[in-house]
Every structure is written in structure tokens, then in C-alpha cells.
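For reference, the structure is listed below as C-alpha cells.
Each ligand, and each atom within it, is numbered from 1 in the order the structure gives.
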Amino acid sequence: MKALVYHGPGQKAWAEVPKPELQDDTDAIIRVDAVTICGTDLHILKGDVPAVTDGRILGHEAVGTVEQVGAGVKNVHPGDKVLVSCITACGSCRFCREGRYGQCLGGGGWILGHKIDGTQAEYVRVPFADTSTYPAPPGISDEALLMLADILPTGFEVGTLNGEVGPGDVVVVVGAGPIGLASIMTARLYSPAHVVAIDMADSRLEAAKQFGADTIINNGVDDPERVVADLTDGLGADVAIEAVGVPETFELCAALIRPGGRVANVGVHGTPATLHLEDLWIRDVTITTGLVDTNSTPTLLRLITSHQLDSSRFVTHHFLMDQFLDAYDVFARAGDTGALKVVITQN
Ligand SMILES: NC(=O)c1ccc[n+]([C@@H]2O[C@H](COP(=O)([O-])OP(=O)(O)OC[C@H]3O[C@@H](n4cnc5c(N)ncnc54)[C@H](O)[C@@H]3O)[C@@H](O)[C@H]2O)c1
Ligand SMILES: [Zn+2]
Ligand SMILES: [Zn+2]
């Protein structure tokens, strides 16, 4: 079969590799029908995630058709159309029993395209198939479902839910990539009074407006502290969601928050950020961090089947698998191409 193979920083190839086989009786082999690329895959290609080694097939998001299952798989059957979650769950360790699948101690967590071969391939082996896949609901397109593999649960759980967005809140989202947009989209479910999006790319700010931001700020041009102070009688935002992953944007969130407010960090950080406790200690500020657990997936599935959320709006570009390198190129130049999520299909 063909797959997108990582060969060290800056090096990747769409290459012929052996088709995966069942290894454990809880595995499924899944034909990948639709797959996408994540900002985290770009981090890997920059060498920011050293656990990913030469020869690894990338990708942790997919919608596919089950081809084969191990003897221990009970709920997933050959021929089923399923969502493959970015988080694999053993289902029985302490953290899985608490719904904290991202921290799975039994061999799950974020493993696809990280510690084991991933989804950017014609076929993928998915461990713990019963607890790591979801049946596709009828009437939902593959690409709409695909947005529930990573970005929607991440923006929802690590942004909106950790930030405890509530009715009447002023919510600031720093970073209007797919994750920040997913936070904006799901924050809207809670009737905030005002949503502010901050980014340095105008194309992303335009998208933020479409996804429900009331005010957009290009922080390369305007001063977000002044704009947010004007909006909040000088108090600051109730919730600030960090969806970039660099020190400046975390520090900006801490500067924008009101006393008693919540900073929810979603971004993956590769370098230290400064926590200004000398300013924060007296202000009752809550700061959360998190790897997505995907325990909100059942809720998100109901929200898309009942048309409360239109997840297909993230999809800006389509490719076939033999154009995988072009898909990476368009996604990596999002500022120029306007790409949010690119969808790559087998046919
Ligand atoms: N916590 C988790 O479980 C989890 C899961 C998935 C992704 N992530 C992380 O979330 C972050 C966002 O992901 P994404 O796919 O939306 O990434 P992305 O790169 O598509 O979007 C980031 C956005 O931040 C903007 N930006 C960059 N520097 C900025 C600055 N100084 N000020 C304001 N805006 C700036 C960019 O213009 C871009 O629009 C990444 O760090 C990603 O690795 C975290
Ligand atoms: Zn991801
Ligand atoms: Zn577990």
C-alpha cells in the first residue's frame, strides 16, 4: 500500500510500504476513506516531536471502512464505516475509567502517527478498536465526520470546556487556526456576550468572523489589551483561550484576563513561557492545560447529526491520496492558500 512516511525533520515521502496486519486481538485494520493533516503534523516535520522516528507513517485523524478485526473486538465489524479518533483508549486503565483517554496508561493515548504508524495511508491498524473508533452516523459525510477526529474535540474540551465558557461571557481566542475556530464554534453554544478572535493572519481573522467572532484583532497591527479593555470596562476577558503554542500568546492570554477569569491553554508548546505570578497571584486567575481526551465525541456526534454544528465548514481543500505532497504544501502555506482543513480521499 501507499503511505505518507516521515524520514526525519523536513523529510517526508508518499511511498510504497507493507500493508498493516493484526497484531493484537483487540486491533482492527481499517481502509482509510478520508484523512486530513493537523498542525501537529507540521510540528513533527519541523522536528519538534522527537518521539516520532524515521520511517513512521504520520496522521492521527481518519474516517474509514473496517476491513478486518481481531478475535477480541466485539462492537466493530468488517464493512462498518467508522471515525478513527486521534486518541486511542485501552478502556480499562485508571485514566480511561475516568474518561481521561488522552492519559491512557494501557498503551493508548496519542499513539497514531506518533508512537505507532498513523492514518495518512491506504490502511491503518487501530489498536483497542472497540474504544478508539465510533460508528459513522447515517447521513453525515465522511469529511464532516472527519472533523470530529481531533479539531472539534480539542477546541471544545481543552478550550471551551476547560475555560468554562458561560452565558454572557467575554471570550478571547488567541490563534484562529482550525483549533481556535473550533473553540469559537463551540463557545457559541454557551451564548457568550462577545467573542474576540486574535491572529496575525488576516485570512484566518476573516474565517474567525465566519465562525462567530464578533470582534477580530490583528495583533501585528492593533493592541489587543486596549481593545479588550475597551470592551470590558477595563476589567479584561472572562475567558482567554490560547490556540497557538508560542510563549507570547500564552503571556498575552494572561495579560487579557479579568480577576477571577480563566485562561485555557490549548497550544502545544516547544519552549518555556513566562508565568507572571507576580501579577497574577492576587487576581484569582485559573489556568488550565490539556491534551484532548476525546470524551466529548459522543456529544459532538449528536450536535452534528442534529445540525447544531456544521463541521464541514472547516474543509477548504480536497485532494486524492496520490496528491498527498501537494496537500501538505497547501496546508503548510495556510496564510497564502486560505487552507483550514484539507481532506485527502482514497478515490
Ligand atoms: N492540546 C491538544 O490536545 C492539542 C491538539 C491538537 C492541536 N493542538 C495545538 O493547538 C495549536 C493550534 O492548532 P492549529 O491546528 O489551529 O494550528 P495553526 O498553525 O493552523 O493555527 C495557529 C494560528 O495562530 C496564528 N499565530 C501564530 N503566531 C501568532 C501570534 N504571535 N499571535 C497571534 N496569532 C498567531 C497563526 O496565524 C494561525 O492562524 C497548535 O499548537 C497545535 O499543535 C493542541
Ligand atoms: Zn492533531
Ligand atoms: Zn487506558
Parallel, tilted or perpendicular: which one describes the rings of Phe211 and Phe314, with boundaries at 30° and 60°? tilted
Which angle, to the nearest 10 degrees, do you find at the Zn ion (ligand 3) between SG in Cys104 and SG in Cys96?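 Computed angle, vertex at the Zn ion (ligand 3), rounded to 10 degrees: 110°.
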Apex the Zn ion (ligand 3) - arms SG from Cys90 and SG from Cys93 - angle rounded to 10°: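 Angle SG(Cys90)-the Zn ion (ligand 3)-SG(Cys93): 110°, rounded to 10°.
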Ignoring hydrogens, tell whether any protein atom lies closer than 4.0 Å to atom 37 (O) of ligand 1; use the non-hydrogen atoms only. yes
Is atom 17 (O) of ligand 1 touching the protein, meaning some protein heavy atom lies under 4.0 Å away? no
Indicate yes or no for a side-chain donor-acceptor contact from Arg283 to the backbone of Ile257 under 3.5 Å, with no hydrogens or angles considered. yes
Can you tell which part of Thr249 has a heavy atom less than 4.0 Å from ligand 1: side chain, backbone, both or neither?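 The side chain, only.
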With a 4.0 Å heavy-atom cut-off (strictly under), which part of Met200 contacts ligand 1: side chain, backbone, both or neither? both
Does an N or O from Arg204, backbone or side chain, lie closer than 3.5 Å to an N or O of ligand 1? yes
Just distances here: any N/O of Val268 and N/O of ligand 1 closer than 3.5 Å? yes
Please determine whether any non-hydrogen atom of Gly290 lies less than 4.0 Å from an atom of ligand 1.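 Per 4.0 Å heavy-atom rule, Gly290 contacts ligand 1.
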Give the name of the N/O/S atom in His60 that lies closest to the Zn ion (ligand 2). NE2
For Asp150, what is the atom name of its N, O or S atom nearest to the Zn ion (ligand 2)? OD2
Counting non-hydrogen protein atoms only, what is the nearest one to [atom]? Give residue, atom name and distance.
atom                    : answer
atom 22 (C) of ligand 1 : Ala243 O, 3.9 Å
atom 41 (O) of ligand 1 : Val244 O, 2.8 Å
atom 39 (O) of ligand 1 : Asp199 OD2, 2.7 Å

In plain terms, say whether Lys19 and Glu67 are close enough for a salt bridge, that is, a side-chain N and a carboxylate O under 4.0 Å apart. yes
Of all the atoms in Cys86, is at least one N, O or S atom closer to the Zn ion (ligand 2) than 2.8 Å?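 So Cys86 does not bind the Zn ion (ligand 2) by this criterion.
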